[in-house]
Amino acid sequence: MSRTSDILAPLALVALLLGAWEAACHLLNLPPYFLPSPSQVAADTVDSAGLLLASAWNTLLMALEALVVASLLACSLALVVAVNRLLEKAVHPLAVALQVTPVVAIAPQVVIWAGLDHPQRAIVALATIVAFFPIFSGALTGLKSADPDLERLFDLYGATGWQRLWRLRVPSAAPFVLEGHKVAGGLALIGAVVAEFVAGTGGAQGLAWRILESSNRLQTGKTFAAVIVLAIMGALLHAALSWGEKAVLRRLRGR
Amino acid sequence: MSVASLTAVEVEYPGRGKVLGPFDLTLEDGEIVALVGPSGCGKSTALRLLAGLEQPTRGSVERMPGRGETAVVFQAPTLMPWASALANAALPLELAGTPKAEARGRAAQSLHRVGLGDALDAKPAQLSGGMAMRVSLARALVTQPRLLLMGEPFAALDEITRRAMAEDLHRLWAQSRQAIIFVTHNVEEAAYIAHRVIAMSPAPGRLSAETAIGGDMPRPAHFRTTESFRVAVEAISGGLAADLGRTA
């Protein structure tokens, strides 16, 4: 199949589905709070574009902040744990427990701890928790993934533990750490949105608040618009992280 | 003077039983010995014993204890993918604490010796299989080892590259005359490269036959077509086949 038809096929399907949706709304005379037509959603998106973009920007900043904090915490903890077997045994169950705890379950308490006047702090903290595990797990796996023959070579030449860590394990971990960041980026964004939902205050002025606000007012078109902006932002963030991952790997491997 | 020896060594792995021995091997200074045998006969285990990377279950291993006196070339080039050819070749020296500038200088010389003087900055992914193996060889030679252990290093290369690598190995050996143990499953390659070919029995590997190969080194042109070479290759192959027949 040619490239053009590769691109046209999904677009055609989307157009078909949107057409059917639009037609259904008009034919069945559905009220806009129940299901707004695509043209209504488009109009609402254009209408509130400024507010949506500002809110998206706030959400993105909180997610990125969380990603940076999670990255620093996860990478340094993985380094410490990788050199000490006992510590790994001690930390691992806790890290898993943290990962499987739904963020909504702990969010209200974190909001209280952060102070009700600072919902951004609680949101960043919660998104950090969500983003932590993929980076930690990737880094830890990566630090143990060095080529066994290279490990033998380091043995043969009497490498110290420190040399082995910095010259072999850390660079071997790079692809795993990058992959972890790619996954964590998407999760941080979801985490930031979910946490803002649970925080339930407009203090952070993120996309979740736009969704809450519009759905409480039965402005379903605006809700859809916010969800679309969120989806586009998530896709862009993922694309940016993928691109960054490839660029770093190309630089590391020279190809 | 012997540079390394295995005396009545036996190696057993839990769950796999005995993979090697009892096996004896003494290597004289400047001697090239090839180990041939069917897969799983413990050739690589013998190599790891000589490298000090593994201890025998029974028997004793004598080797030079000094750092950098023994070098290993693995079956794969085993290079650090994130490091340039120069950094890879300098690794043994840098791990031993040689100042970086000196280590890199000696690594560059070593790469020149294996014919990679133009590829110092190339990363492993930018090198062909043969070139990557040369970097691996340059890294092994950078410490001027007295014993070079090579575990099927040319197995993954095409025939032309393989023969060129054998020539280069002899040329390098003629300059520094270190002892070399060369593991291979290719009988012709063994007879071409080595002074002495040791054939091993199927697991647990024992000495099955030992064949001395005459002739100069580096090998003269058309050495592979000489009568003595053909006879030696046939003798080694015959011995290995008979061994396999006995166990099958």
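When reading the values below, keep in mind they use all heavy atoms of this one structure, side chains included, and skip hydrogens, waters and symmetry mates. Proteins get letters first, then strands, A, B, ... in listed order; numbering begins at 1 in each.
- A/Arg167 places a side-chain heavy atom less than 4.5 Å from the side chain of B/Glu94.
- If you take CZ on A/Arg152 and CG on B/Leu53, they are separated by 7.0 Å, rounding to the nearest 0.5 Å.
- In this structure, B/Ser136 OG and A/Leu153 CG are separated by 8.0 Å, a value rounded to the nearest 0.5 Å.
- In the displayed structure, A/Leu86 atom CG is contacted under 6.0 Å by at most 12 heavy atoms of other residues, nucleotides or ligands.
- Contacts of B/Ala76 with chain A are absent, with no heavy-atom separation under 4.5 Å from either backbone or side chain.
- For A/Gln99, the CD atom is densely surrounded, since the number of other residues' heavy atoms within 6.0 Å is greater than 12.
- Only the side chain of B/Thr143 comes within less than 4.5 Å of a heavy atom of chain A; its backbone N, CA, C and O stay farther away.
- Atom CZ in A/Arg164 sits 9.0 Å away from atom CG in B/Leu95 (nearest 0.5 Å).
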Next on the checklist: side-chain contact (heavy atoms from CB on, under 4.5 Å), that's the test. Do B/Leu91 and A/Tyr157 meet it? Break it down for me.
Outcome noted: CA-CA 9 Å; B/Leu91 180 75; A/Tyr157 291 115; 5.7 Å; no
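- With a 4.5 angstrom heavy-atom cutoff, A/Asp147 touches chain B only via side-chain atoms.
- For chain B, the nearby parts of A/Ser172 are the backbone and the side chain; heavy atoms of each come within less than 4.5 Å.
- The number of heavy-atom neighbours closer than 6.0 Å to CZ of A/Arg121, taken from other residues, nucleotides and ligands shown, is 12 or below.
- Contact annotation for A/Leu168: both backbone and side-chain heavy atoms come within less than 4.5 Å of a heavy atom of chain B.
- No more than 12 heavy atoms of other residues, nucleotides or ligands shown are found within 6.0 angstrom of CZ on A/Arg251.
- Minimum heavy-atom separation, B/Ala125 to A/Arg253: CB-O, 3.7 Å.
- No more than 12 heavy atoms of other residues, nucleotides or ligands sit less than 6.0 Å from atom CD1 of B/Ile160.
- Only the backbone of B/Leu79 has a heavy atom closer than 4.5 Å to any heavy atom of chain A.
- Annotation: maximal heavy-atom pairing with chain A below 4.5 Å, among B/Arg48, B/Met80, B/Lys123, occurs at B/Lys123.
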